[in-house]
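Single-structure report; data block below.
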Amino acid sequence: MEINHFINTIIEEDIRSGKHKRAITRFPPEPNGFLHLGHARAIITNYSMAKTHNGYFNLRFDDTNPVKEDTIFVDAIKEDIAWLGCEWENLLFASDYFDEMYHRAMLLVKKGLAYVDDLTAEEIREYRGDLKNVGKDSPYRNRTIEDNVQLFDGMMNGEYEDGSRVLRAKIDMQSPNMNLRDPVIYRIQRAYHHNTKDKWCIYPMYDFAHPIEDAIEGITHSLCSLEFEDHRPLYDWVVKECEMENIPRQIEFGKLRIAGAVIGKRYIKQLVDGGHVMGWDDPRLITLSGLRRRGVPASAIRDFIYSLGLPKSQGETEIEMLYTVVRDHLKLETSRVNAVIDPLKLVITNYEEGKVEYLEAENNRENEALGTRMIPFSREVYIEREDFIEVKPNKKWKRLAMDVEVRLMHAYFVKANKIIKDGNGKIIEVHCTYDPDTKSGSGFSERKPNGNIHYVDATINQEAEFRLFEELILDFEDKEVPFSEKINPNSMIIQQGFIEESIITEVGERYQFTRNGYYAADIDSTKEHPVFNRIVSLKSSYTPKTV
RNA sequence: UGGGCUAUGGCCAAGAGGUUAAGGCACCGGACUUUGACUCCGGGAUCGAAGGUUCAAAUCCUUCUAGCCCAGCCA
């Protein structure tokens with residue numbers, strides 16, 4: 001793995017100059033949802049930077065806002081990070097530092113750098129000004145230090161109503177950087193915290209808490225996404241004015257975005273809460289748990305992240321890039337099995353009725369170690385509907401057509417000679433004859449077939465359900481979700497492709513899979529972490545060209 | 001239009017004054033093939049725009065343009 005980007009350069013320089021001996025990083029998720037592919041970049045980047053620079057990596061839950069957090073998310077997040085293979089040195093919680101944070105805040109108060117403000121939330125917003133106009137000072141901005149000490153203690157002791165007062169850093173209401181216009185650093189909130197229970201009724205804000213957390217842990221490089229660039233001056237201010245011993249350095253990188261997919265915890269949360277998907281681990285989502293359930297190996301996600309580098313640009317990566325890496329990881333190590341998604345019955349009229357023969361097939365032609373399997377073949381089989389066309393349109397058509405001969409993979413050559421349609425003209429059955437001399441493995445070479453298609457035996461699989469999930473397209477505009485323009489102006493496609501439910505394969509196994517790649521997961525498996533052990537053989541990427 | 005950031009082929013991305021601008025994905029040709037998969041061969045950009053500096057610029061300067069982020073007592 002090549003790591004060569006600006007963050008790596010910065011860290012190397014910090015080590016070369018003697019500023020640090022090693023890199024200590026962290027991943028600081030708020031436990032309010034599941035991790036997704038975007039987080040994978042942050043996790044893997046922080047982890048690999050520490051590892052390659054002789055340091056270590058902490059997992060720290062940024063649980064400073066109890067009303068949005070839940071322990072079920074901390075468990076899920078731990079599982080996902082462990083799955084990714086990013087071992088953390090310490091498992092920590094921001095809430096463990098609440099006492100320390102309180103003292104640091106009091107220090108600011110005593111230094112005259114923080115004050116208790118009685119303005120309402122709405123008034124604070126008005127006083128803050130906007131992008132065009134500078135803010136103006138709160139009338140409470142110049143309280144005496146003594147008053148502030150007393151008031152802040154009162155806040156902590158629960159003497160005031162929720163939302164009635166806040167503690168603000170006294171910085172600069174005229175700053176062109178909105179984050180420096182006296183940011184709120186503590187709010188009153190009587191909420192049960194999953195970790196500290198009812199001990200506190202005031203909670204620190206991110207901008208105040210985060211730099212202190214980093215400094216306490218001795219984080220050397222605090223890697224985060226680009227939207228925090230504007231916060232860096234505040235981050236540095238807090239570290240300096242709170243007189244922290246360790247000076248962490250925040251470095252930002254661009255967020256990962258996937259074209260056509262919903263990424264971003266808050267949006268995925270809407271889909272989950274709204275019942276649009278089966279849960280956070282719905283395989284259509286690009287949550288880590290969803291990808292895992294779909295059979296994507298963690299190693300593929302790592303390589304995918306590395307392959308993208310660490311840009312500050314703002315593009316959208318196509319999901320095909322991930323699929324390519326996934327295929328690269330699976331193609332040699334997994335066995336294959338045929339499955340038919342959209343079945344068309346093929347009757348082999350000159351094959352003995354009632355007979356079933358079992359044919360041997362390699363599980364993976366490129367990896368003999370995976371062995372072989374026996375697959376049934378009888379007078380009636382299912383082929384993929386798109387593998388048949390009435391009249392061969394051109395020389396490029398490599399599948400079945402009338403009077404055209406193809407090989408049924410691992411079986412015989414068949415030639416179609418009759419089409420049966422229903423009242424609507426839809427083809428419901430195709431009749432053909434087979435040539436017994438062409439049996440797989442016989443070495444037959446008199447003539448070449450027009451192509452090779454896969455099949456699933458119909459006698460054995462008569463109970464197969466060929467039910468398709470609907471492609472999930474949500475129109476956030478129609479649902480009047482306020483974030484619509486932030487996602488996609490038109491509509492969102494959760495994932496290109498479909499999820500098949502209960503497909504029965506050639507060997508009678510039940511699979512759920514997607515059509516995007518040719519990989520599949522047995523997600524009904526009782527295994528704890530169903531990993532793909534089969535690749536479903538599909539020519540899914542091929543779109544027949546009509547003439 | 002205050003501040004911060006970004007801009008290289010359809011997508012991602014190398015490149016940091018000097019041969020014909022890496023590579024991957026996607027796509028299109030072709031070979032091979034018991035899946036049209038896999039593998040192999042071939043195919044495309046003058047670098048957001050306009051000026052300027054230089055013998056020489058994607059790389060330096062200037063001015064534009066476009067996009068992203070910031071006005072939570074969210075993170």
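- Side-chain contact annotation: A/N32 with A/K265, donor-acceptor N/O pair under 3.5 Å present.
- In this model, no donor atom of one side chain and acceptor atom of the other lie less than 3.5 Å apart for A/E30 and A/Y206.
- For the pair A/E229 CD and B/G3 P, the interatomic distance rounds to 16 Å; values are reported in whole Å.
- Remark on RNA chain B: of its neighbouring residues A/S440 and A/N179, the 5'-side contact belongs to A/S440, judged by nearest-heavy-atom nucleotide.
- Using a 4.0 Å heavy-atom criterion, one finds that A/L167 contacts no nucleic acid atom at all.
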What pairs of nitrogen or oxygen atoms, one from the protein and one from nucleotides 7-13 of chain B, lie under 3.5 Å apart?
| unit_1 | atom_1 | unit_2 | atom_2 | d |
| --- | --- | --- | --- | --- |
| B/G10 | N2 | A/E318 | OE1 | 3.4 |
| B/C11 | O4' | A/E318 | OE2 | 3.1 |
| B/C11 | O3' | A/E316 | O | 3.2 |
| B/C11 | O2' | A/E316 | O | 3.0 |
| B/C12 | OP1 | A/E316 | N | 3.0 |
| B/A13 | OP1 | A/S313 | OG | 3.3 |
| B/A13 | OP2 | A/S313 | OG | 3.4 |

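- In this model, no donor atom of one side chain and acceptor atom of the other lie less than 3.5 Å apart for A/T372 and A/E362.
- The side chain of A/K132 sits closest to B/U1 out of B/U1, B/U35, B/C74.
- Using a 3.5 Å distance cut-off with no hydrogens or angles, the side chains of A/H194 and A/D70 do not pair a donor with an acceptor.
- Atoms CG (A/N65) and P (B/G72) sit 16 Å apart, rounded to a whole Å.
- B/A75 atom P lies 16 Å from atom CG of A/D70, rounded to whole Å.
- Residue-level contact check: A/V166 touches the bases, meaning some heavy atom is under 4.0 Å from a base atom.
- For A/E320, whose side chain is taken as the heavy atoms from C-beta onward, the closest listed nucleotide among B/A26, B/U34, B/A75 is B/A26.
- The separation between A/H231 atom NE2 and B/G72 atom C1' is 10 Å, rounded to whole Å.
- Residues A/D62 and A/H210 have side chains in contact (heavy-atom distance under 4.5 Å, counting atoms from C-beta outward).
- Across all strands shown, A/L408 has no heavy atoms under 4.0 Å from either base or sugar-phosphate atoms.
- For the salt bridge (charged side-chain N to carboxylate O under 4.0 Å, His left out) with A/R141, the lone residue among A/D118, A/D172, A/D182, A/D117 that qualifies is A/D182.
- Minimum atom distance to the side chain of A/R128 is reached by B/G72, of the listed B/U35, B/G2, B/G72.
- When distances run from any side-chain atom of A/N452 to the nucleotides B/A75, B/U34, B/A71, the shortest one goes to B/U34.
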Q: Starting from the C-alpha separation in whole Å, work towards a yes-or-no answer on side chain to side chain contact (heavy atoms under 4.5 Å, CB included) for A/D387 and A/L400.
A: CA-CA 6 Å; A/D387 281 352; A/L400 192 59; 5.7 Å; no
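- Using a 4.0 Å heavy-atom criterion, one finds that A/Y203 contacts no nucleic acid atom at all.
- Summarising the geometry, the separation between CD on A/Q189 and P on B/C73 is reported as 12 Å, rounded to the nearest angstrom.
- Put simply, CG on A/N394 is 12 Å from C1' on B/G36, counting in whole angstrom units.
- The base of B/G4 does not come close enough to the side chain of A/N177 for any donor and acceptor atom to sit less than 3.5 Å apart.
- Candidate nucleotides B/G2, B/A75, B/C25 were compared by shortest atom distance to the side chain of A/Y206, and B/A75 ranks first.
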